[in-house]
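Report on the following structure.
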There are 2 protein chains.
Amino acid sequence: METKINVLRALADETRLRIINLFIKSGQVLCVCELVDALKIPQYAVSKALTIIKNADLLTAEKEGTWVYYELNKGIVHNKNLFNFLKNYLSDEIFLEDETRLNDRLLLREGDKCVVGIIPESDLLKMIKQKAEA
Amino acid sequence: METKINVLRALADETRLRIINLFIKSGQVLCVCELVDALKIPQYAVSKALTIIKNADLLTAEKEGTWVYYELNKGIVHNKNLFNFLKNYLSDEIFLEDETRLNDRLLLREGDKCVVGIIPESDLLKMIKQKAEA
DNA sequence: TTGTTATATGCCATTTTTTGCATACAAACA
DNA sequence: TGTTTGTATGCAAAAAATGGCATATAACAA
């Protein structure tokens with residue numbers, strides 16, 4: 001009981017909802033800096049939001065060097081239903097913009113892994129272009 | 001955007017979630033005093049919760065004499081998806097107890113309408129028995 | 001060791017939410 | 001009219017959430 005409400009409370013915040021949306025729509029494992037760039041929100045805010053979502057058992061985390069990769073916790077049956085529902089429910093514009101920025105940011109990955117930290121938005125397009133040329 | 005978050009915020013509270021659960025599970029139009037008895041929560045708390053849920057466009061209200069009947073707002077496509085999801089998602093014990101008390105309370109209706117106000121829990125069973133005998 | 005990078009967290013001020021009580025309102029009835 | 005009844009709301013205290021900054025931690029690199 002406590003748990004279901006914790007889950008719904010974890011969803012009841014714009015930042016957290018935008019984060020969850022990115023996991024659901026991208027279907028990816030994501031690290032903190034990728035989320036920071038996609039959301040254009042301070043690192044500490046993303047980190048705090050992730051902690052709350054994780055404490056509600058909606059995410060799992062795995063450390064890899066200095067990077068921490070988060071992932072939807074599909075190990076809970078109810079979570080899967082929730083994610084399926086949200087996949088269609090969250091269709092608003094702000095979410096789409098996040099998704100676009102995340103897709104851009106993921107172009108900088110190498111072998112499915114994040115290899116750079118937080119990138120100022122002004123540099124992102126240049127870096128993508130550079131990488132495309134190389 | 002604002003709206004989706006408002007909806008999720010409306011769900012992020014135990015009282016409000018228990019109320020929404022009763023509407024979803026019972027499939028009924030319900031008045032305030034029936035909810036008060038089913039939830040065993042003060043009238044003002046139920047009334048305030050209903051206002052918040054209604055402001056999130058999840059409920060509609062209709063006045064009938066001194067009684068006010070609330071109903072799920074299925075006029076919004078996204079709401080229907082939400083209610084379908086919640087119907088399965090909200091399965092915890094506290095919700096079941098509410099549902100049982102509501103079913104008892106609805107036995108006092110006459111012609112699908114509520115005809116009594118808030119009933120002390122100690123009196124409810126007696127009144128049901130009386131009504132059954134009559 | 002020292003420095004750097006990615007991430008997390010403690011703290012504080014501010015804002016928002018919740019809770020409880022009292023009371024207001026509105027409709028029915030005497 | 002006055003009274004009762006079902007419901008809503010204003011207000012203030014308490015509790016909780018939020019936002020921002022600084023800093024801590026942990027892992028890697030030189």
Side-chain angles (χ1 to χ4, degrees), chain A residues 2 5-19 29-56 59-71 105 108-110 113-120 123, chain B residues 2 5-19 29-56 59-71 105 108-110 113-120 123:
Chain A
E2 241 326 76
I5 287 187
N6 277 347
V7 169
L8 290 169
R9 289 184 76 79
L11 301 178
D13 172 87
E14 179 172 322
T15 299
R16 299 195 293 265
L17 203 54
R18 288 170 65 194
I19 289 176
V29 174
L30 300 170
C31 76
V32 180
C33 58
E34 289 170 335
L35 290 167
V36 169
D37 288 344
L39 300 170
K40 299 203 289 183
I41 283 176
Q43 178 271 325
Y44 68 80
V46 172
S47 198
K48 281 181 179 177
L50 285 168
T51 299
I52 292 174
I53 302 170
K54 180 163 166 277
N55 285 342
L59 290 176
T60 59
E62 199 166 337
K63 197 159 191 172
E64 238 174 85
T66 49
W67 274 269
V68 177
Y69 287 95
Y70 286 83
E71 185 174 6
R105 180 57 216 281
L108 293 182
R109 280 192 172 188
E110 288 181 13
K113 292 295 170 190
C114 179
V115 292
V116 293
I118 297 170
I119 308 289
D123 295 358
Chain B
E2 241 325 75
I5 287 187
N6 276 348
V7 169
L8 290 169
R9 290 180 73 80
L11 301 178
D13 172 87
E14 179 173 322
T15 298
R16 299 196 293 265
L17 202 55
R18 287 170 67 194
I19 289 177
V29 174
L30 300 171
C31 76
V32 180
C33 58
E34 288 171 334
L35 290 167
V36 169
D37 288 344
L39 300 170
K40 300 202 288 183
I41 283 178
Q43 178 271 325
Y44 68 80
V46 172
S47 198
K48 282 181 178 176
L50 285 168
T51 299
I52 292 173
I53 302 170
K54 179 164 167 276
N55 286 342
L59 290 176
T60 58
E62 200 167 335
K63 196 159 192 172
E64 240 175 80
T66 48
W67 274 267
V68 177
Y69 286 95
Y70 285 85
E71 186 174 5
R105 180 52 160 77
L108 292 182
R109 282 192 171 186
E110 286 179 15
K113 291 295 169 191
C114 179
V115 292
V116 293
I118 296 170
I119 308 290
D123 295 357

>> Need the bend value for the helix from C:dT1-D:dA30 to C:dA30-D:dT1: angle between end axes, 5 pairs each end, nearest 10°.
In response: 0°
> Does the side chain of A:R9 get closer than 4.0 angstrom to OP1 or OP2 of D:dA16 through an N or O atom?
Replying inline: no
> Can you check the B:D37 CG to D:dT7 P distance for me, whole Å?
Replying inline: 10 Å
> Residues two or more places apart in sequence or in another chain: which of them pass salt bridge (charged side-chain N to carboxylate O under 4.0 Å, His left out) with A:E71?
Replying inline: none
>> What contact category does B:Y70 fall into here, base, sugar-phosphate, or nothing, at under 4.0 angstrom with non-hydrogen atoms?
In response: sugar-phosphate
> Tell me the salt bridge (charged side-chain N to carboxylate O under 4.0 Å, His left out) pairs involving residues 30-51 of chain A, sequence neighbours left out?
Replying inline: A:E34-A:R109, A:D37-A:R105, A:K40-A:E121
> Is the backbone N or O of A:K54 less than 3.5 Å from a side-chain atom of A:Y70, with the two atoms forming a donor-acceptor pair by type?
Replying inline: no
> Atom CG of B:N6 and atom CG of B:N55: how far apart are they, to the nearest 0.5 Å?
Replying inline: 9.0 Å
> Counting N and O atoms only, with roles assigned by atom type, does the side chain of B:R16 sit under 3.5 Å from a partner on the main chain of B:L11, one being a donor and the other an acceptor?
Replying inline: no
> What pair of heavy atoms forms the shortest contact from A:C114 to A:Y69, and how long is it?
Replying inline: N-OH, 2.9 Å
>> Counting primed atoms plus P, OP1 and OP2 as sugar-phosphate and everything else as base, spell out the protein contacts along nucleotides 24-30 of chain D at 4.0 Å heavy-atom distance: B, S or - for each nucleotide, 5' to 3'.
In response: --SBS--
>> Need one value for A:V36: base, sugar-phosphate or nothing, where a base atom within 4.0 Å counts as base even if backbone is also close, heavy atoms only.
In response: nothing
> With sequence neighbours left out, what residues match A:K113 under side-chain hydrogen bond (donor to acceptor under 3.5 Å, both in side chains)?
Replying inline: A:E64
> Got a sec? Which of residues 43-52 of chain A come in under 4.0 Å of DNA chain C, heavy atoms?
Replying inline: A:Q43, A:Y44, A:S47, A:K48, A:T51
